[in-house]
Each structure stands twice: as C-alpha cells, then as structure tokens.
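Here's the structure, in structure tokens; my notes come after.
Computed from heavy atoms alone, side chains included, the values below leave out hydrogens, waters and symmetry copies. In what follows, chains are A, B, ... by sequence order, proteins preceding strands, each numbered from 1.
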2 protein chains.
Amino acid sequence: MVAFHDPSDENALTKRFRDAGIQVTPQRLTIADTLFQCEKHISAEELYLQVREKNPRIGLATIYRTLHILKEKGLVEEHRFNDEFSRYEVKDSTHHDHLICIECGKVVEFGQPVIEHLQDLAAEEKDFTIVSHKLEIYGICKDCRDRKAMKKR
Amino acid sequence: MVAFHDPSDENALTKRFRDAGIQVTPQRLTIADTLFQCEKHISAEELYLQVREKNPRIGLATIYRTLHILKEKGLVEEHRFNDEFSRYEVKDSTHHDHLICIECGKVVEFGQPVIEHLQDLAAEEKDFTIVSHKLEIYGICKDCRDRKAMKKR
DNA sequence: TTGACTGCAAAACTTTTGCAAAAAC
DNA sequence: GTTTTTGCAAAAGTTTTGCAGTCAA
C-alpha cells in the first residue's frame, strides 16, 4: 500500500503524459502517481488527502482539474456507484465491470467479455453506435451475508 | 404529454400509497401523479417545476422527501447517468436497461433478459448475493451520428 | 516570453436538515 | 391528541470557476 517513490515511475508517467498530449507539471505527476498506485476506486477527496501528504500546497481544485484531464485523455475512468460522489480508477486495457455490496460498499471487479456481444445486439436494434458500457451488479457480499446471518441469532 | 387530471388516477394512486404503507397527503399525490404521468427519467428539479404548476406551494424539499419514500417503497427507481444529477423513473415489473447517447443525452430503454443469467455466473464466482443490476450502454444515437456526418461536409 | 497551470477563496449546484406551523391518523 | 408531514430557509457536500500569481515550454 505504501509504495516507495520510485523515480522511474515518474519517468514512465512523464512519458505517458506526453504521449497523451498532457502538459507535465509536478502537481499532475504527484496526483497521477498517487492515483496510479492507490487501490481502486478512490474519491477526489481521498485522493486530495493522500496527495496532500506528499505536497500540502496542492489544492483540491487542481485534483479535480487533473482528474478531468486524465479522464478526457482516457487514462482514468469515473464511476458513480450507488448514490455516492464520483470515484476514479485507472483505466487499463482490459474492460471489467463491478459488483457492489449494498451493505458495506465494497467493490469487486469482474471481467465479462460476453456482454460485449450482447450489447451489440441491443444497440443495433436501437441504432446506437456503442462507445462504452457500464454494468454494475448490486448485491450482498459474503462477509455481510455472514454478518447478517449471525445477527439473527 | 400534457395529460388531463383524471380523478380516477388519484384514487388509484391513493390505493397504491396505502398498499405500500405510505401516508397519503395531497402533496405526495400531486408529486407522484406528475411523476407517473411524465416521460421517463425526470430530475428532481424538473419534477419540481412541473409540480409547481399544479400547486406552487409545494417545496423542493418535499419533492426530495417524497422521492426518497417512493424509492424506498420500490415505486420509483433512481438513476445517475453519466455525470449528471439523479433522475427518476417509475418502476414497472419488467426490468430494463438503458442506452444513453453521449452527444445529446437521450436515453432509450431496452430489455435484456439474458443478462440476468450472466450476472448470476459472475456473482456466484465472487460469492455475492445479487439484488439488482444496472447496465448502461453509452454510445451515439442515429440522429447525432447523422448530424456529425453532416458537419464533416 | 507567452500561454497554460496553480492556489485560494468564493460560487454553483444538488440534496439534506432544523424547526415552527399545519395536516393526517 | 399524538405523530407525521410541510415549507421555508439555511446548511451540507461535492464540484466548478474567477483571478492574480507562477511555472512549463
């Protein structure tokens, strides 16, 4: 979880930024570095707090502005599970969907290539050109199920 | 779109409220009536404006409070397409998913029973008890596609 | 040098809450 | 008569914006 700050990462990041046509600044590097190293699905506020530890002079507005850019350039994805605020995750090449526990909020990822085909059918019927999809399955995870069973005596 | 106010609807609504264990008030009837007659996926603000025309003394807070109750009792569903605020739709017995145009924001519904089976597989693997799911497919609708093709000369 | 970015604070926007008055049961 | 609901206004929470100063190229 606590990763050492490896300068090589930063070089790799710099390259990614340039490739994506994103101007490189120390703030953006810090933000992206934190985001890329963090566990999945972080909120802007959480990211802000973590970034703050590395550089307290970075403001929340910069977090948001950077997230917008990263999203626009396709490096991160924005999610809104349930009724909450936005959460962000690094976009990797393999698309996946999410299982969300309605009790504890835990988010588990799963791959589901079959859906790709399914959505094509649906979209074709309605004459849509598909760009992306989001499948969120809401349920109760094992831990919460067990806890509930326990409570009932 | 503009529906006449049929008192029989209100009686039906009253019955639905009682069946669901919701206390009946004029405000709630007006709000639910408006929501039930409206086109799909209305926002709280839009609903407020429409309700206001029937009874200007109803406040926005009451809209939100009523929506919470209706949602809790399973009469309406809340959605958060894209990055927008919440939108609400009347819940009917047949589950459906949504195609959302990323250009114009249009939302089209489609039924997709196969997904029910698919999600079972995914959830079983991760040991989740499924409660519900949301599949949102983002793309470009025919109109927007045509418009874009036109613009390119 | 010049245009893009940052930090701060203030604004914007959606949603929630406290409270006294009013209505429902 | 007690409990629940309402309307208003104010608060809360997340996200955006204006602007003067700073930095990257």
Fill in: Verdict with reasoning, B:K142 to B:D146, per salt bridge (Lys or Arg N to Asp or Glu O under 4.0 Å)
CA-CA 6 Å; B:K142 188 181 185 325; B:D146 291 350; 3.0 Å; yes
Between [X] ([atom1]) and [N] ([atom2]), how many Å, whole number?
X     : N      : atom1 : atom2 : result
B:K71 : C:dT15 : NZ    : C1'   : 11 Å
B:L29 : C:dA24 : CG    : C1'   : 12 Å
A:R52 : C:dC8  : CZ    : P     : 8 Å
B:H68 : C:dT14 : NE2   : P     : 15 Å
B:E45 : C:dT15 : CD    : P     : 9 Å
B:F81 : C:dT14 : CZ    : C1'   : 17 Å
B:L60 : C:dC13 : CG    : P     : 14 Å
A:Y64 : C:dA12 : OH    : P     : 18 Å

Discussion item. I want to check one thing: is the phosphate of C:dA21, taken as OP1 and OP2, less than 4.0 Å away from some side-chain N or O of B:R57?
Written reply: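 Looking at the OP1 and OP2 atoms of C:dA21, neither is under 4.0 Å from any side-chain N or O of B:R57.
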Practice prompt. Would you check, one step at a time, whether the test salt bridge (Lys or Arg N to Asp or Glu O under 4.0 Å) holds for A:K71 with A:E78?
Written response: CA-CA 7 Å; A:K71 191 173 63 161; A:E78 185 180 5; 2.4 Å; yes
Fill in: Min side-chain heavy-atom separation A:F17-A:R28 under 4.5 Å
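Touching, per the 4.5 Å side-chain cut-off.
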Practice prompt. Go through A:L35 and A:L75 one step at a time and tell me if the side-chain contact (heavy atoms from CB on, under 4.5 Å) criterion holds.
Written response: CA-CA 11 Å; A:L35 180 56; A:L75 298 180; over 6 Å; no
Worksheet entry | For chain A, the stretch of DNA chain D it reaches, first to last nucleotide, under 4.0 Å of its heavy atoms |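 Taking any atom under 4.0 Å from a heavy atom of chain A, the span is D:dT14 to D:dA25.
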Worksheet item: What's the shortest heavy-atom distance between B:A44 and B:L60, and which atoms?
Response: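 Taking every non-hydrogen atom into account, O-CD1, 4.2 Å.
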Discussion item. Using heavy-atom distances to pick each residue's nearest nucleotide on DNA chain C, tell me which of B:P26 and A:N55 is more 5'.
Written reply: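 In this pair, the answer is A:N55.
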Worksheet entry | Which residue lies more 5' along DNA chain C, comparing B:Y88 with B:R18 via nearest heavy atoms |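 Its nearest nucleotide lies further toward 5', so the answer is B:Y88.
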Distances for protein N or O near nucleotides 2-5 of chain C N or O, under 3.5 Å:
from	atom 1	to	atom 2	distance (Å)
C:dA4	O3'	A:Q23	NE2	3.2
C:dC5	OP1	A:R28	NH1	3.1
C:dC5	OP1	A:R28	NH2	3.2
C:dC5	O5'	A:R28	NH2	3.4

Please check if any side-chain donor atom of [X] sits under 3.5 Å from a side-chain acceptor atom of [Y], or the reverse.
X     : Y     : answer
B:Q50 : B:Y48 : no
A:S43 : A:R87 : no
B:S86 : B:R80 : yes

Practice prompt. Starting from the first five and the last five pairs of the helix from C:dT1-D:dA25 to C:dC25-D:dG1, work out the angle between the resulting helix axes, to 10 degrees.
Written response: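 Answer for the end axes of this duplex: 40°.
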Practice prompt. Show your reasoning for whether side-chain contact (heavy atoms from CB on, under 4.5 Å) applies to B:E136 and B:L99.
Written response: CA-CA 6 Å; B:E136 292 161 15; B:L99 277 165; over 6 Å; no
Worksheet item: Going through the checks in order, is the salt bridge (Lys or Arg N to Asp or Glu O under 4.0 Å) test met by A:K91 and A:E77?
Response: CA-CA 6 Å; A:K91 206 169 178 173; A:E77 252 176 318; 5.0 Å; no
Worksheet item: Are A:F81 and A:H98 close enough that their ring centers fall under 6.0 Å?
Response: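 Yes, the ring centres sit under 6.0 Å apart.
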